[in-house]
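Predicted model, so just to flag it, every value in this text is computed and none were measured. Labels below follow one simple rule: chain letters A, B, ... track the order of the sequence lines, proteins then strands, and each chain is numbered from 1.
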Amino acid sequence: MPSSSQPARVRFAPSPTGRTHLGSGRTALYNYLLARQTGGQFILRIEDTDQKRYVPGAEEELMNGLRWLGLEWDEGPDIGGPFGPYRQTERRNLYAKYARQLIESGHAYYCFCDSPKIDEGDAPGERHKHRDVCPDRDQLLADADARISSGDDHVIRFKMPIEGSITVTDAIRGDITVENSTLDDYILVKSNGLPVYHLAVVIDDHLMEISHVIRTSEWLPTFPLHGHIYNAFGWDQPIWVHPSIFLKPDGKGKMSKRDTEALQKEGKSIFLGDFEGMGYLPQAVVNWMALIGWSYDDKTEFFTLDDLIEKFSLEKLNPSPAAINFSKLDHFNGLHIREMDSADLANLIRPFFEKDGYQVDDQEKLEQIAEVLQIRLAILDEAPEKAGFFFKEAIHPEPESLIGKKMTSGESLAMAGCIRELIASLPDFSEETANQPLRDQAVELGLKAGHIFGFLRNAITAQKVSPPIFETMTIVGREKVLERIDKAIAILENLGNEN
RNA sequence: GCCCCCAUCGUCUAGUGGCCUAGGACAUAGCCCUCUCAAGGCUAAAACCGGGGUUCGAGUCCCCGUGGGGGCACCA
């Protein structure tokens, strides 16, 4: 059931201050889903009013990450749109007019205090409220204007009502009422003339006709302020939605820089830009993220992006904070790998083989390998360790691995000879033609089929686990299979000579 | 410290007063299948934070505790 029948205009509005996290990915996803479901627009807006924290390249990584996930935006800094510009620093001239409007209507004031000094040394708990000490709060506008024209440094602050309360409504939590006495005269425009988030977000969301603001619960504490600003302008508020934040895997707090680094040491990461290289599918990441804080029903968990567009609903968002769980991502990745076309899988695993130094020049072979790997892979990254032997010129099985359970090296050698002869003598080589004869051979030798398969596995792959042996041999090819058996025989002979 | 939010298996969750003897999924263990490994199938263990109300009846509503989380910048 759609959350809203009206087309939603939603935005994802990150600030380019660092690498893009999973949490941002999920926020973007929810916005995207609502837009697509209702036939509305998904807008990308860059909130870069803090030049000090600006990180070059962050914007590019962000866009790459969203595109990798499949979240294409309809309006944004790179593609433009009817409500542009979509980068706040490019909108800077817009904000002054609105700030002045707030001042003239008595909802804001010029403040000439040196507030950093006022607060200096105060512990957060002891910090007094600015509005209780500010001498400029009730200054005549004419006087303030005179000081400004004489060049006095100033900021613009919201004139928070001293009494009363405000009620704002969050779509997943309901009404939230806060006493104005617990709020303060927040800065709206910095002394450099740029607006802070609180002002810019309200103005931009209003001008861009945003219908739903979906952002994480970190914004809940300043949510009442945003409500006040809307009221001061006399504007209608959008529908507010604050999905909960992600907690680190142990559930104790959100990811810190230290946690992030620790995670990377275990080969994991919460940066969107890292998932592809780690071997995850965007479909799986989307599926996984969507389900941290949202659910469809009591049993369905596998979703494609299209499924999510159809099934997503604001009503099923969960208000409580949720720990991220990488083993579940692995599981979803496996599910999505199994769902895909094996030729596509081949192209996806290729770079992982190449990264490990394998020469992948035979596309047909790669596709056969992909087919065999498809149900055995949870993470693409595992492909080389499971199937690297297919690309090796020569393999080196451990001598002991060629000796069957409860068999001597001599018996194993004899068995190997019989197997070699049989495989070489087959008119045609395939599972159909080789399976039964090999099993018969085992019986003839008084052995179990497992002995023969085990020997072949070790001789051909030099691994104790591998894909099913017939599929493996088919891909390797009879010629190379015989070569490797010969090598194994030589190893066994050598072993016999030593004894 | 102050403000705000949250509270069902280890984790993600279903549950909107009787359908709950609390359902699903991941992870864990066992079994089946089986040439190894997977995949798949079956099974097991595993939760309503506590106390008060309201009600014929509470996981579900209210209050208080407790616990967890977030925020308290001329950052977003």
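- A/N318 comes within 4.0 angstrom of sugar-phosphate atoms only, judged by non-hydrogen atoms across all strands, and of no base.
- Contact annotation for A/G334: no contact, since no heavy-atom pair falls under 4.0 Å across all strands.
- Here A/R11 does not pair with A/D204 in a salt bridge; the nearest charged N to carboxylate O distance is not below 4.0 Å.
- At the heavy-atom level, A/K254 lies under 4.0 Å from the strands shown only through sugar-phosphate atoms.
- Across the protein-nucleic acid pair, A/D153 atom CG and B/rC74 atom P stand 14 Å apart, rounded to whole Å.
- Remark: C1' of B/rU11 and CH2 of A/W288 are 12 Å apart, rounded to the nearest angstrom.
- Comparing the P positions of B/rU60 and B/rU34 gives a spacing of 49 Å, expressed to the nearest Å.
- Distances shown here put a side-chain N or O of A/K190 below 4.0 Å from the OP1 or OP2 atom of B/rC75.
- A search for ring-ring contact (aromatic ring centres under 6.0 Å, His included) contacts involving A/F455 returns nothing, not counting sequence neighbours.
- Nucleotides B/rC63 and B/rC9 have their C1' atoms positioned 28 Å apart, rounded to a whole Å.
- For B/rA14, there is no paired base (Watson-Crick or G-U wobble, both distances below 3.5 Å).
- Across all strands, A/V196 comes closer than 4.0 Å only to sugar-phosphate atoms, never to a base (heavy-atom distances).
- The aromatic rings of A/H198 and A/W219 sit perpendicular to each other, their planes meeting at more than 60°, with 30° as the lower class boundary.
- A/W288 places a side-chain N or O within donor-acceptor distance of the main-chain N or O of A/N325, the cut-off being under 3.5 Å.
- Here, B/rU21 and B/rC48 have their C1' atoms 14 Å apart, quoted to the whole Å.
- Figure legend. B/rG1 is base-paired to B/rC72; pairs are counted as Watson-Crick or G-U wobble with both atom distances under 3.5 Å.
- In this model, a side-chain donor or acceptor of A/S191 finds a partner on the base of B/rC74 within 3.5 Å.
- In a base pair of the Watson-Crick type (N1 to N3 plus N6-O4 or O6-N4) or a G-U wobble (N1-O2 and O6-N3), with each distance short of 3.5 Å, B/rC9 is matched with no nucleotide.
- In this structure, A/L188 atom CG and B/rC75 atom P are separated by 12 Å, rounded to whole Å.
- Residue order along RNA chain B, read from the 5' end via each residue's closest nucleotide, puts A/V178 first among A/V178 and A/L247.
- Taking atom P on both B/rA25 and B/rU66, the two are 38 Å apart, rounded to the nearest angstrom.
- Applying the Watson-Crick and G-U wobble criteria (two distances, each under 3.5 Å), B/rC19 pairs with nothing in any strand.
- Looking at A/L380 and A/L345, their side chains come closer than 4.5 Å, going by heavy atoms from C-beta outward.
- For A/F303 and A/W294, the ring centers sit closer than 6.0 Å to each other.
- Across B/rA7 and B/rG65, the matching C1' atoms stand 13 Å from one another, rounded to whole Å.
- One interatomic measurement links the two molecules: CG of A/D50 to P of B/rC75, which rounds to 5 Å at whole-angstrom precision.
- In this structure, CH2 of A/W219 is placed 15 Å from P of B/rG70, rounded to the nearest angstrom.
- In this structure, A/K248 reaches neither bases nor backbone, as no heavy-atom distance under 4.0 Å exists between it and the strands shown.
- Using the Watson-Crick or G-U wobble rule with both distances under 3.5 Å, B/rU36 pairs with nothing in any strand shown.
- No donor-acceptor distance shorter than 3.5 angstrom exists from the side chain of A/R157 to the backbone of A/V189, with no hydrogens or angles considered.
- The 5' end of RNA chain B is approached more closely, in terms of each residue's nearest nucleotide, by A/I292 than by the other of A/E47 and A/I292.
- Within the 4.0 angstrom heavy-atom criterion, no nucleotide atom of any strand lies near A/H451.
- Using a 4.0 Å heavy-atom distance criterion, A/I324 is classed as making no nucleic acid contact.
- When the C1' atom of B/rC74 is taken as reference, atom NE2 of A/H154 falls 12 Å away, rounded to whole Å.
- Using the six-membered ring where Trp is involved, A/F353 and A/F391 have ring planes that are perpendicular, over 60° apart on the 30 and 60° scheme.
- The side chain of A/I187 approaches B/rC74 more closely than any other nucleotide in the set B/rC74, B/rC4, B/rU11.
- Using cut-offs of 30° and 60° for the angle between ring planes, the A/Y30 and A/F312 rings count as parallel.
- Spacing between atom NZ of A/K252 and atom P of B/rA7 amounts to 17 Å, rounded to whole angstrom units.
- In this structure, the nucleotide among B/rA7, B/rC12, B/rG69 sitting nearest to the side chain of A/S320 is B/rA7.
- Remark: the separation of the C1' atoms in B/rU43 and B/rC33 is 15 Å, to the nearest Å.
- Residue A/S244 is out of contact with every strand shown, counting any heavy-atom pair closer than 4.0 Å.
- Taking the ring axis of A/F271 as reference, the NZ or CZ atom of A/R19 stays within 45° of it and closer than 6.0 Å to the ring centre.
- Annotation: B/rC35 and B/rC19 have their C1' atoms spaced 49 Å apart (nearest Å).
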One character per nucleotide, please: for nucleotides 26-41 of chain B, 5' to 3', B when the base has a protein heavy atom closer than 4.0 Å, S when only the sugar-phosphate does, - otherwise. SS-------BBBBSS-
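- The phosphate of B/rA76 has OP1 or OP2 within less than 4.0 Å of a side-chain N or O from A/T49.
- Base-pair partner of B/rU28: B/rA44 (Watson-Crick or G-U wobble, both distances under 3.5 Å).
- Rounded to an integer number of Å, the gap from A/L225 CG to B/rC75 P is 14 Å.
- B/rG50 and B/rA58 have their P atoms separated by 15 Å, given to the nearest Å.
- Comparing atom distances between the A/K316 side chain and each of B/rA14, B/rC6, B/rG71 picks out B/rA14 as nearest.
- A/E382 is listed as a side-chain neighbour of A/I379, based on a closest heavy-atom distance under 4.5 Å.
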